[in-house]
Amino acid sequence: MPRDVHFIIGASGQLGTEFALELHRSGERVVLADIKHPALDALRDLPFICLDVRDRDVVAAELKRQGATHVHHLAAALSARGEQEPQWAWDLNMRGLLNILEVAAEHRTIAQVFWPSSIAVFGPDNGPVAEQNGHRLPETVYGISKQAGEQWCAWFRKHHGVDTRSVRYPGLIGELCPPGGGTTDYAVEVFDHLHGTEPYPCFLREDTVLPMMHMQDAIGAMLQITSVEADRIRNEEAYNIQAMSFDPATLFAEIRRHVPGFRAEFQPDFRQAIADGWPDRLDDTAARQDWGWSPTVALPELVARMVSAKSPALEAEPDL
Ligand code: SER
């Protein structure tokens, strides 16, 4: 039987880097695609195609040439950058997804498409906890593109039989690769300011609670939802997944258990309004029931791992 070929678009980004590494380490055949080469040495020798996902002809030709069976489309403009460059963000997020879905509908050799949605599909009318099928009235370009993307996935599933899989990711935090242009980015970039002489200038208020997740669980969710039988996927759009929720004050207090001298100050900017429109947490009962979602990394472990990755000379154990 021919082997699966995993075609990862956005393979040089925050999620793509870690996912490509994980699949490669587990012996899967991967083809990486992005507009920029992977920064990680461990990925440099893998097949890489430099492409822009907005170019439908190139995308179609490469998916065919590489014999892609699974497409993981992880390239996107995030929320904060999207507010500053709305047309660019909309074009990248929507045209890219539509290209993939159309090609998947035409080439039946593509068995499955994974595309990440986001907590950004929810707007301020939801209250602190977003239900699986709660109102989706996003107020950002990024959120609108994710909401529309969910609908497009459902449409291609219904009318063309494309096996689409999706989860609504919260802020993702990992040791390997920084995000870019998101509202939850503070929770990653702070780890590059642990030992500075100046306080870390946090762009959100100290009491801004948002859903967050360690990259190990983000990759785990992707592996899990893409491996289950198709009939386990009962939600045609995207599943809520929840790991932890915290505000900057709580995160920084946990950091201080490892780095007592760490200091931060709060200078909320335009990203505060974006964060204020998002839920504190997601109800992920459906993901747990349908395909067994269960997160593994809680806040203390997340912080210990990030601190030790960013300051290897420091002892990862907190002061008790
Ligand atoms: N991490 C994303 C952002 O902040 C949310 O999904 O834009």
Side-chain angles (χ1 to χ4, degrees), residues 10 13-19 72-86 88-90 92-94 96-97 114-124 126 130 134 136-150 153 166-191 202-205 208-219 221-222 225 237-248 251 268-282 284 287 295 297 302 306:
Q14 188 199 19
L15 193 53
T17 298
E18 304 239 15
F19 186 60
H72 310 276
H73 173 32
L74 312 178
L78 296 184
S79 59
R81 184 141 182 233
E83 292 308 281
Q84 294 174 317
E85 294 178 78
W88 168 79
W90 178 258
L92 173 59
N93 292 0
M94 293 320 306
L97 176 62
F114 176 85
W115 168 83
S117 186
S118 163
I119 56 170
V121 296
F122 296 109
N126 267 286
R136 270 150 282 161
L137 293 172
E139 291 191 341
T140 60
V141 174
Y142 174 66
I144 300 167
S145 75
K146 290 294 181 184
Q147 184 215 30
E150 288 191 6
C153 286
S166 185
V167 294
R168 294 183 183 131
Y169 278 125
L172 301 181
I173 301 163
E175 293 92 324
L176 276 188
C177 211
T183 301
T184 54
D185 292 11
Y186 88 87
V188 182
E189 70 176 35
V190 64
F191 291 98
C202 180
F203 57 75
L204 295 183
R205 256 190 352 254
T208 310
V209 178
L210 287 171
M212 300 278 184
M213 183 177 289
H214 187 267
M215 197 53 90
Q216 178 179 304
D217 282 331
I219 300 301
M222 207 191 302
I225 197 173
E237 295 164 353
Y239 279 92
N240 280 0
I241 50 172
Q242 168 72 24
M244 65 187 93
S245 292
F246 56 75
D247 59 19
L251 175 64
D269 65 15
F270 73 100
R271 289 168 278 195
Q272 185 64 49
I274 301 175
D276 288 343
W278 290 349
D280 294 359
R281 56 181 297 116
L282 307 187
D284 61 0
V297 181
L302 177 146
M306 291 300 288

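All values below come from the heavy atoms of this structure, side chains included, with hydrogens, waters and symmetry mates left out. Note that the coordinates shown come from a computational prediction; the quantities given were computed from them, not determined experimentally. We count ligands from 1, going down the list as the structure has it; atoms in each ligand are counted the same way.
- The S118 neighbourhood of ligand 1 comprises atoms 5 (C), 6 (O), with distances under 4.0 Å to a heavy atom of that residue.
- Proximity to W278 (heavy-atom distance under 4.0 Å) selects the following atoms of ligand 1: 3 (C), 4 (O), 5 (C), 7 (O).
- Side-chain atoms of E83 and Y142, non-hydrogen and from C-beta on, never get closer than 4.5 Å to each other.
- Numbered from 1 in the order shown, with element, the atoms of ligand 1 that lie under 4.0 Å from a heavy atom of Y169 read 6 (O).
- Residue G182 has at least one heavy-atom neighbour below 4.0 Å for each of these atoms of ligand 1: 3 (C), 4 (O), 7 (O).
- No hydrogens or angles considered: nothing links the side chains of S166 and S117 as a donor-acceptor pair under 3.5 Å.
- The closest protein non-hydrogen atom to atom 2 (C) of ligand 1 is T184 OG1, 3.9 Å.
- Without hydrogens or angle criteria, Q272 side chain to R205 main chain gives a donor-acceptor distance under 3.5 Å.
- Of all protein heavy atoms, the one lying nearest to atom 7 (O) of ligand 1 is S79 OG, 2.6 Å.
- For ligand 1, the atoms closer than 4.0 angstrom to any heavy atom of L78 are 7 (O).
- Some N or O of T183 is nearer than 3.5 Å to an N or O of ligand 1, by distance alone.
- Side-chain atoms of Q147 come within 3.5 Å of backbone atoms of R136 as a donor-acceptor pair (strictly under, hydrogens ignored).
- Taking the six-membered ring where tryptophan is involved, the planes of F114 and H72 are tilted, since the angle between them lies from 30° to 60°.
- Judged by distance alone, with hydrogens and angles left aside, the side-chain atoms of N126 form no donor-acceptor pair with the main-chain N or O of G134 at under 3.5 Å.
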